[in-house]
Structure formats: structure tokens, C-alpha cells
Novice: 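Got a structure here, written out as C-alpha cells. Questions coming.
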Amino acid sequence: MRDLFDGEAEPPVVTMAAGAVLLRGFARPYEAELLAALRDVLAISPFRHMTTPGGHVMSVAMTNCGAAGWLTDRSGYRYDGIDPKTASPWPAMPDCFAALARAAAEAAGHGGFQPDACLINRYIPGARLSLHQDRNERDVAHPIISVSLGLPATFLFGGARRYDRPRRFALEHCDIAAWGGPSRLHFHGVAELKDGEHDMLGRQRINLTFRKAL
DNA sequence: TAGTCTCA
DNA sequence: CACG
């Protein structure tokens, strides 16, 4: 008796922690739709480098779609329905974004997920996201779904306390990380992006992070 | 409350 | 030099 994924092949589902999994290649069937929808979103609310409350400009460029968008500036971290750059609502969440997030959450054991916020992060080589918790959402009972596109990256997934040493996971184009339940508030981040060239996206990595913020 | 920051 |  041999299963499909023995030998050299890697399993499609990797456990990172209790309630946290990596779904390898899960977004592949949505790839073309996702990229087309992303272009439309960026035409309305383009990427910009936000400033942290401490006054540092983030190396990762961000934008959002959906009813709520995550922001940081001198006055703090928060969700807002209005893009401060355009003074208009964030673009609507494309149907294929919501459908993918829902399917991934289901596959990860978090059924009934209905995201109202999608934070879109662009990493160019050298960009990173230091260890942090996602804790600006009203109800932390909802999971976080994170879709990787473009250049590969190293995901750092730690524990409930900042000083819990993070484990490192390779994230590739169309991989999805999903966490909730006991690991919902775990510290996580992305190591400095190494240089490279992706066939479809060039010298960048784009991450879609779905949340139910409201 | 500080905080997804930087540097040693 | 890369990494933690």
C-alpha cells in the first residue's frame, strides 16, 4: 500500500501549529482570475508605503479591498472603510478573492468564513515584515487566510508570546497559510525577501491576507 | 499598551 | 558570507 505523497513529494497540507496549516498550491486553480482581479483593485487603490506609529516607513507596500481596510499611520493601527490616499471607499472585494478565502478556510477546518477585509502586501527583494500579531479585528474567533503570489518567501510562525522562537516555512506561488482557533493570535512575520524573478509576477511577491475585521 | 520598526 |  503506497499513498500518493510518499517518497520525495511533499504533502499538500503541512501543520504549522494547532489550528494553523499550510495548503500547498491551493490557489492554483484561481491563479488567472486572481491576477486579473488584482489589476482592477490596484487601478482604484494603488500600493503605498505606510508609516508605523513609531514613525518608520514600512518596506512592504500595501493596499486593501473589501468593506474594511487595514491601515497604519502615526496615530496607530486600525481598520477603516475609506482609503486615505483616494478619500474613497476601498475597492470591493472581487468574488474570486472571497471564494478562494472561503474554500481555503473550509479546507483548513474553519468553516463558514466570510471575509470583509483583504490586505494586499507587495514585497520587493529586501522587504520584510517583522514578527507581529493580527489583533485589530473585532472578533478573533475568525481565522486569518494568507495567499502567496509571485516570488518565494520564508514565513515565520511563532507562538502566543513574542519570545517564542518562530518556525520557518517556505511559501511559494499559490500556497496558502491559514490559522485560527488556538493559534489565531500567534506571532508571525516574513523574512527579508530574497532576489529572484517570477514567471508571472517578476521581481516581487504579493500577499493577500483575508480577515473578518468587522 | 505598544504596536507589523531598526540595529547590534 | 548568511543566518538567527
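Sequence lines set the chain letters: A, B, ... in the order given, protein chains first and strands last, and positions in each chain run from 1.
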Novice: Reckon A:Arg78 touches a base, only the sugar-phosphate, or nothing at all at heavy-atom distances under 4.0 Å?
Specialist: nothing
Novice: Can you see which heavy atom on A:Asp134 is nearest to which on A:Arg184, and at what distance?
Specialist: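 So the minimum-distance heavy-atom pair works out to O-NH1, 2.8 Å.
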Novice: Expressed in angstrom and rounded to an integer, what is the separation of A:Arg74 atom CZ from B:dT4 atom C1'?
Specialist: 16 Å
Novice: Under 4.0 Å, heavy atoms only, any strand: does A:Ser130 hit a base, just the sugar-phosphate, or nothing?
Specialist: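 Base, at least one base atom sits under 4.0 Å.
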Novice: Output a table of donor-acceptor pairs, distance under 3.5 Å, between side-chain atoms of residues 13-25 of chain A and any protein atom two or more places apart or on a different chain; print 'none' if there are none.
Specialist:
| unit_1 | atom_1 | unit_2 | atom_2 | d |
| --- | --- | --- | --- | --- |
| A:Arg24 | NH1 | A:Glu10 | OE1 | 3.0 |
| A:Arg24 | NH2 | A:Ala170 | O | 3.0 |

Novice: May I have the distance from A:Leu156 (atom CG) to C:dC3 (atom C1'), rounded to whole angstrom?
Specialist: 12 Å
Novice: Which of residues 131-139 of chain A sit near DNA chain B, with a heavy atom under 4.0 Å from it?
Specialist: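 Per residue number, the list reads A:His132, A:Arg135, A:Asn136.
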Novice: Rounded to the nearest Å, what distance is computed from the CE atom of residue A:Met62 to the P atom of nucleotide B:dC5?
Specialist: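 In whole Å, B:dC5 P lies 7 Å from A:Met62 CE.
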Novice: Find the distance A:Asn121:CG to B:dC5:C1' and express it as a whole number of Å.
Specialist: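 Value for this atom pair: 15 Å.
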Novice: Between A:Arg128 and A:Asp73, who's closer to the 5' end of DNA chain B by nearest nucleotide?
Specialist: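 On the 5' side of the pair lies A:Asp73.
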Novice: Is the centre of the A:Trp179 ring less than 6.0 Å from the centre of the A:His188 ring?
Specialist: yes
Novice: Once you round it to whole Å, what is the distance between P of B:dA2 and NE2 of A:His56?
Specialist: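 Value for this atom pair: 16 Å.
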Novice: When all nucleic acid strands are considered with a 4.0 Å heavy-atom cut-off, which category describes A:Arg162: base, sugar-phosphate, or nothing?
Specialist: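 Contact class for A:Arg162: sugar-phosphate only.
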Novice: Of the options A:Asp80, A:Asn136, A:Thr209, A:Asn121, which is the one that meets A:Trp70 in a side-chain hydrogen bond (donor to acceptor under 3.5 Å, both in side chains)?
Specialist: A:Asn136
Novice: Compare every heavy atom of A:Pro166 with every heavy atom of A:Leu156, then report the nearest pair and how far apart it is.
Specialist: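 A:Leu156 and A:Pro166 have their closest heavy atoms at CB-CB, 4.0 Å.
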Novice: Report the distance from atom CZ of A:Phe187 to atom CD of A:Gln133, rounding to the nearest 0.5 Å.
Specialist: 3.5 Å
Novice: Less than 3.5 Å apart, any donor N or O on the side chain of A:Arg205 or A:Ser148 sitting next to an acceptor on the other?
Specialist: yes
Novice: To the nearest angstrom, how far is A:His186 atom NE2 from B:dG3 atom P?
Specialist: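 About 21 Å, once rounded to whole Å.
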Novice: Base, sugar-phosphate or nothing for A:Gly76? Non-hydrogen atoms, less than 4.0 Å.
Specialist: base
Novice: Report the distance from atom OH of A:Tyr77 to atom C1' of B:dA2, rounded to the nearest whole Å.
Specialist: 8 Å
Novice: Nearest whole angstrom, please: distance from the P of B:dC5 to the CE of A:Met50.
Specialist: 12 Å
